[in-house]
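To start, the structure under review is shown below, and the notes come after it.
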Amino acid sequence: QVQLVESGGGLVQAGGSLRLSCAASGRTFSTYSMGWFRQAPGKEREFVAAISWNGGSSSNADSVKGRFTISRDNAKNTVYLQMNSLKPEDTAVYYCAAYLRRYYSATQNPHEYGYWGQGTQVTVSS
């Protein structure tokens with residue numbers, strides 16, 4: 001069982017930066033690949049970035065490539081999302097999620113994630 005709590009959201013001007021954190025409880029965090037997703041009002045939840053359980057590989061959505069970076073610190077049971085060059089279209093609630101199975105590589109499919117945080121709001125003003 002994994003419990004996730006996101007933090008770091010807020011209001012920022014276009015071109016600014018934010019770093020989201022997702023703190024996980026439980027001793028098995030280091031065995032789960034992790035993902036970040038976001039959901040804007042009236043839109044479906046979409047994939048943002050994912051990182052493997054050991055941090056050896058990661059992937060980003062095309063819309064955030066070159067601007068967002070996912071990382072993790074297994075010693076601190078935390079996964080991060082560094083967001084640079086933010087745009088108004090990045091405005092959404094951001095969720096972190098743990099993949100359904102241990103030791104599996106993460107995917108972009110939200111239905112394959114078994115544990116979710118409560119989300120943190122990111123608002124980018126133009």
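With sequence neighbours excluded, no residue satisfies salt bridge (charged side-chain N to carboxylate O under 4.0 Å, His left out) with Glu89. The side chain to side chain contact (heavy atoms under 4.5 Å, CB included) test applied to Arg67 returns Val64, Ser85, Lys87, Asp90, not counting sequence neighbours. By the salt bridge (charged side-chain N to carboxylate O under 4.0 Å, His left out) test, Lys65 is found to be paired with Asp62, residues two or more places apart in sequence or in another chain being considered.
Here the OG-CG distance, from Ser25 to Asn77, works out to 8.0 Å after rounding to the nearest 0.5 Å. Rounded to the nearest 0.5 angstrom, Arg19 CZ and Ser7 OG are separated by 9.0 Å. Here Leu20 contributes atom CG and Gln82 contributes atom CD; the two are 9.0 Å apart, rounded to the nearest 0.5 Å. The CG atom of Asn54 lies 11.0 Å from the OG1 atom of Thr31; values are rounded to the nearest 0.5 Å.
Nearest heavy atom pair, residue Thr78 against residue Ala23, reads OG1-CA, 4.2 Å. For the residue pair Leu11 and Ser125, the shortest heavy atom distance occurs at CD1-CB, 4.4 Å. Between Gly8 and Leu18, the closest heavy-atom pair is O-CD2, 3.8 Å. The shortest heavy-atom contact between Val79 and Phe29 is N-CZ, 4.1 Å.
Hydrophobic clustering of Ile, Leu, Val, Met, Phe, Trp and Tyr side chains at less than 4.5 Å, counting indirect connections, keeps Trp53 apart from Leu81. A single hydrophobic cluster is seen to contain both Ile51 and Val2, as judged by linkage of ILVMFWY side chains at heavy-atom distances under 4.5 Å, directly or through other members. Hydrophobic clustering keeps Leu100 apart from Phe47 (ILVMFWY residues linked when any side-chain heavy atoms are closer than 4.5 Å, directly or through intermediates). Residues Met83 and Val12 are members of one and the same hydrophobic cluster, defined by side-chain heavy-atom contacts under 4.5 angstrom among Ile, Leu, Val, Met, Phe, Trp and Tyr.
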Item to check | Candidate pair Ser63 and Arg38, rule side chain to side chain contact (heavy atoms under 4.5 Å, CB included), full reasoning | outcome: CA-CA 12 Å; Ser63 59; Arg38 66 187 181 186; 3.5 Å; yes

Item to check | Intermediate values then yes/no, side chain to side chain contact (heavy atoms under 4.5 Å, CB included), Met34 and Leu4 | outcome: CA-CA 11 Å; Met34 299 293 295; Leu4 305 171; 3.9 Å; yes

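For the pair Asn60 (side chain) and Gly66 (backbone), a donor-acceptor distance under 3.5 Å is absent. The main-chain N or O of Tyr104 is found under 3.5 Å from a side-chain atom of Ser33 such that the two form a donor-acceptor pair.
Counting only heavy atoms from C-beta outward, the side chains of Gln121 and Thr91 approach each other to under 4.5 Å. The shortest distance between side-chain heavy atoms of Phe37 and Val93 does not fall below 4.5 Å.
The cationic group of Arg72 does not satisfy the cation-pi geometry with Tyr32, failing either the under 6.0 Å distance to the six-membered ring centre or the 45° limit from the ring axis.
At most 12 non-hydrogen atoms from other residues, nucleotides or ligands lie less than 6.0 angstrom from CD of Gln13. Atom CZ of Arg102 has more than 12 heavy atoms from other residues, nucleotides or ligands within 6.0 Å.
Residue pairs meeting the disulfide bond (SG atoms under 2.5 Å apart) criterion with at least one member in residues 24-93: none, sequence neighbours excluded. Residue pairs meeting the disulfide bond (SG atoms under 2.5 Å apart) criterion with at least one partner in residues 33-126, sequence neighbours excluded, are Cys22-Cys96. Screening residues 79-99 for ring-ring contact (aromatic ring centres under 6.0 Å, His included), with sequence neighbours left out, gives Tyr99-Tyr113.
Looking at Glu6, Gln3, Arg45 one by one, the single match for side-chain contact (heavy atoms from CB on, under 4.5 Å) with Trp116 turns out to be Arg45.
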